[in-house]
Amino acid sequence: MLRSSTLFVRTLRDDPADAEVPSHRLLVRAGYIRRAAPGGYTWLPLGWRVLRKVEAIVRDEMDSMGAQEVHFPAMLPRDIYELTGRWDEYGDNLFRLKDRKGADFLLGPTHEEMFTLLVKDLYSSYKDLPVSLYQIQTKYRDEARPRAGLLRGREFLMKDSYSFDIDDAGLAASYNAHRDAYERIFTRLKLPYVIVKAMSGAMGGSASEEFLAPIEVGEDTFVRCTKCDYSANTEAVTTAALSPDTASYATAAVVETPNCPTIASLVDFLNANHARSDRAWKASDTLKNVVLQLRHPDGSTEVLVVGVPGDREADIKRIEAQVSPSEVEPLDDAGFAKHPGLIRGYIGPQVLGATSATGVRYLLDPSVVTGSEWVTGANVAGSHVLHLVNGRDFTADGTIEAVEVAAGDPCPTCREPLEIARGIEIGHVFQLGRKYADTLGLSVLDQNGKQVVVTMGSYGIGVSRAVASIAEVFHDDLGLKWPRAISPVDVHIVVTGKNGDDITIAGEKLAAELEAQGLEVLIDDRNGVSPGVKFKDAELIGIPTIVVVGKSLAEGNIELRDRHAGTNEAVPIADAVQRVVALVREG
RNA sequence: CGGGCUGUAGCGCAGCUUGGUAGCGCGCUUGUCUGGGGGACAAGAGGUCGUGGGUUCAAAUCCCGCCAGCCCGACCA
């Protein structure tokens, strides 16, 4: 039994000044965590209980899907991460340290290498597969900007698991088993989630999905369809397939457009000097050609021009995700100087493309469909061309998803409008494939005695981040309100009497009886603390069921308060145990 | 890494403009009263004023560097 009189906790009346988001504010105020280091938090008794309950649910579901728990050191030698190049690749986000002999170590940001080598160490036959291993461990990442309390720390608790299969079908099965387990975990945690398609990016795998808790303070932007169940990370959104434009258009014509380096100035100029008969010119009539520079992993660079409708912005991160592992940046002045064929502000597709005069690679956003007509640069300063038709007057080297996704864009599956939302990444499932197994030499003998490279999946859940996410979802102005499954205790008994009086005695008796039924009990037995203080504390701490033993005892009643519903019910003290136990058992 | 704001007692803040005794509220200790919504009165404890340097007879206060925090962006998953 936890007693408020001795529990190591101090609730704060005021919000801490450095906490902005609700989870951070309330977890500190209610005495669950304390900041101990930049991006690092101490877990106090109440917080530690919640964290362990979340961990227990994760562990339970991982075990029942057949994964086996192991535990690696957090401090790892450099050479293992040299094997995959990640000692360098991870850059500043990696915590590095030296031992007394000057040897390099790191604090593990994630453990693909260790798991892969462990399986390589022990297994060598297809008969051993499939196998899934996991650990729940403190991870270290030297984040550029830790923020929002537990939501992005530099030290955090993560469950990471890895599956090992002989073939793609096996990987798909392992992936789905993890995905299903994750759904059960987040359901048990009462954490709302959206599964979004994600980019596999530089990791080189295929399928990749993120579990996002749709919460405004989250750092991830995703889209979801207002009608069907499509959702995706903004980088991974695909454009709805559009049919070619079959209308016929006037012959392309170059017009002088002095002082029109921007889309807005161009549209204004055209409406003033080359008005259309049917309607006014719009930004969406123009084709904007964005000049980028790709930096390939070998250090070489390449100029790339991407064509997008003039009313849309090019999304560099989205483009980058598709050309990964190359990096993308806008072409700088020096770059333009090397390409005199590119007239800034007046670039048109006529001089672009692998077989063109400039030889610069040219890709179009899919919204620039075949057969559509455009106003675009004439490749002469101060001139644009009207009625330039894709496919008739110019061709590109291909397409690339390039525009910044906007609310209202059509859903790629059902064409209804998409909406944009924010979320916290609480889980990630990822078909890694053979990248690590190849690099680290993890292969097994198959039925025919042939070496086969193992295919892997990696799957993560941010355990400490889940605690914060739950606090984000379940709170109000008064404080936290935990879901029953992870509440630090089952019931919070508030005793408003004075030491030794009937109320105190009744409260202690009730607490003992509830504990005898197997419930976890917190009793506020503080003497000389006014009822108002105890009520405020109870609301702040947020145990879902609060029992008040106080003045209504005179009528033979206790008060049963539901922190979530905000209700307060008088219950005869004789029925109290049975009522509370029933509440807790039904979950 | 860039921009903005901020570091004074466990928490929230004032003092800084105009240099000269370290201050308020909450919390904490002791006592009395009080006892259903962060109660009252009285007496206390608690401070390298983020840090290093400079200016000055004298620095929380003025100047410079650094560190840390929050927010926005970049980055990350």
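We name chains A, B, ... by the order of the sequence lines, and we start the count at 1 in each one.
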Consider only side-chain N and O atoms of A:T138 and A:E155, and report whether a donor and an acceptor are under 3.5 Å apart. no
Check: A:F72 ring centre within less than 6.0 Å of A:F115 ring centre: yes
A:R147 CZ to B:C71 C1', in whole Å, measures 9 Å
To the side chain of A:E559, which of B:G36, B:G37, B:C11 is closest? B:G36
Using the C1' atoms only, state how far B:C67 lies from B:C49, rounded to an integer number of Å. 16 Å
Between A:S163 and A:Y459, do the side chains contain an N or O donor and an N or O acceptor separated by less than 3.5 Å? yes
Please give the distance between the C1' atoms of B:U18 and B:C75 as a whole number of Å. 45 Å
Could you tell me which nucleotide pairs with B:U56 by Watson-Crick or G-U wobble geometry, both distances under 3.5 Å, or answer none if nothing does? none
Return the value, rounded to whole Å, for the distance between atom CG of A:L432 and atom P of B:A77. 13 Å
Give A:R34 one of three labels, base, sugar-phosphate or nothing, depending on what nucleic acid heavy atoms sit under 4.0 Å from its own. sugar-phosphate
How would you summarise protein contacts on nucleotides 22-31 of chain B per nucleotide, using B for base, S for sugar-phosphate only and - for none, with heavy-atom distances below 4.0 Å? ---BSS----
Between B:U61 and B:A45 - C1' atom distance, rounded Å: 27 Å
In whole angstrom, what separates A:R152's CZ from B:C70's P? 13 Å
Could you tell me which nucleotide pairs with B:A22 by Watson-Crick or G-U wobble geometry, both distances under 3.5 Å, or answer none if nothing does? none
How long is the line joining NE2 of A:H24 and P of B:G69, in whole Å? 11 Å
Plane angle bin for A:Y140 and A:F95 - parallel if under 30°, tilted between 30 and 60°, otherwise perpendicular: perpendicular
How many whole angstroms separate atom NZ of A:K159 from atom C1' of B:A77? 15 Å
N/O contacts under 3.5 Å, protein versus nucleotides 41-46 of chain B?
none

Interatomic distance at P, B:C11 relative to B:C28, whole Å: 15 Å
Verify the ring-centre separation between A:Y134 and A:H71: is it less than 6.0 angstrom? no
To the side chain of A:K551, which of B:G36, B:C11, B:C76 is closest? B:G36
Residue that, paired with A:Y32, satisfies ring pair (Phe, Tyr, Trp, His ring centres under 6.0 Å) out of A:W482, A:W43, A:F8: A:W482
Using Watson-Crick or G-U wobble geometry with both distances under 3.5 Å, which nucleotide pairs with B:C66? B:G50
Within residues 526-536 of chain A: residues closer than 4.0 Å to RNA chain B (heavy atoms): A:G528, A:V529, A:P531, A:G532, A:V533, A:F535, A:K536
Sort out the partner of B:G36 for me: Watson-Crick or G-U wobble, both distances under 3.5 Å, none otherwise. none
Rounded distance (Å) that lies between atom C1' of B:G37 and atom CG of A:L540: 14 Å
Counting only Watson-Crick or G-U wobble pairs whose two distances fall under 3.5 Å, which nucleotide matches B:A77? none
With rounding to the closest Å, how many angstrom separate the C1' atoms on B:G25 and B:G15? 15 Å
For the pair made of CZ in A:R86 and P in B:C76, what is the distance, rounded to whole Å? 14 Å
Given that both distances must come in under 3.5 Å, which nucleotide forms a Watson-Crick or G-U wobble pair with B:C28? B:G44
Inter-nucleotide C1' distance (B:A22, B:U8), Å rounded: 9 Å
Please work out which of the three classes, parallel, tilted or perpendicular, describes the rings of A:Y193 and A:F211, given edges at 30° and 60°. tilted
Can you tell me if A:D562 and A:T567 form a side-chain donor-acceptor pair at under 3.5 Å? no
Between B:U56 and B:C41, how many Å separate the two C1' atoms, rounded to a whole number? 46 Å
Have a look at A:R561 and say if it touches a base, only the backbone sugar-phosphate, or nothing, with a 4.0 Å heavy-atom cut-off. base
Closest to the side chain of A:A17, out of B:C76, B:G36, B:C13, is B:C13
Atom CZ of A:R563 and atom CD1 of A:I546: how far apart are they, to the nearest 0.5 Å? 6.5 Å
NZ (A:K139) and CG (A:L107) are apart, to the nearest 0.5 Å, by 11.5 Å
State which of B:C11, B:G36, B:C71 makes the closest approach to the side chain of A:E20. B:C71
Nearest-Å distance for atom pair CZ/C1', residues A:F95 and B:C76: 13 Å
Can you classify the ring geometry of A:F430 versus A:H428 as parallel (below 30°), tilted (30 to 60°) or perpendicular (above 60°)? parallel
Indicate, with a heavy-atom threshold strictly under 4.0 Å, whether A:V28 touches base, sugar-phosphate, or nothing. nothing
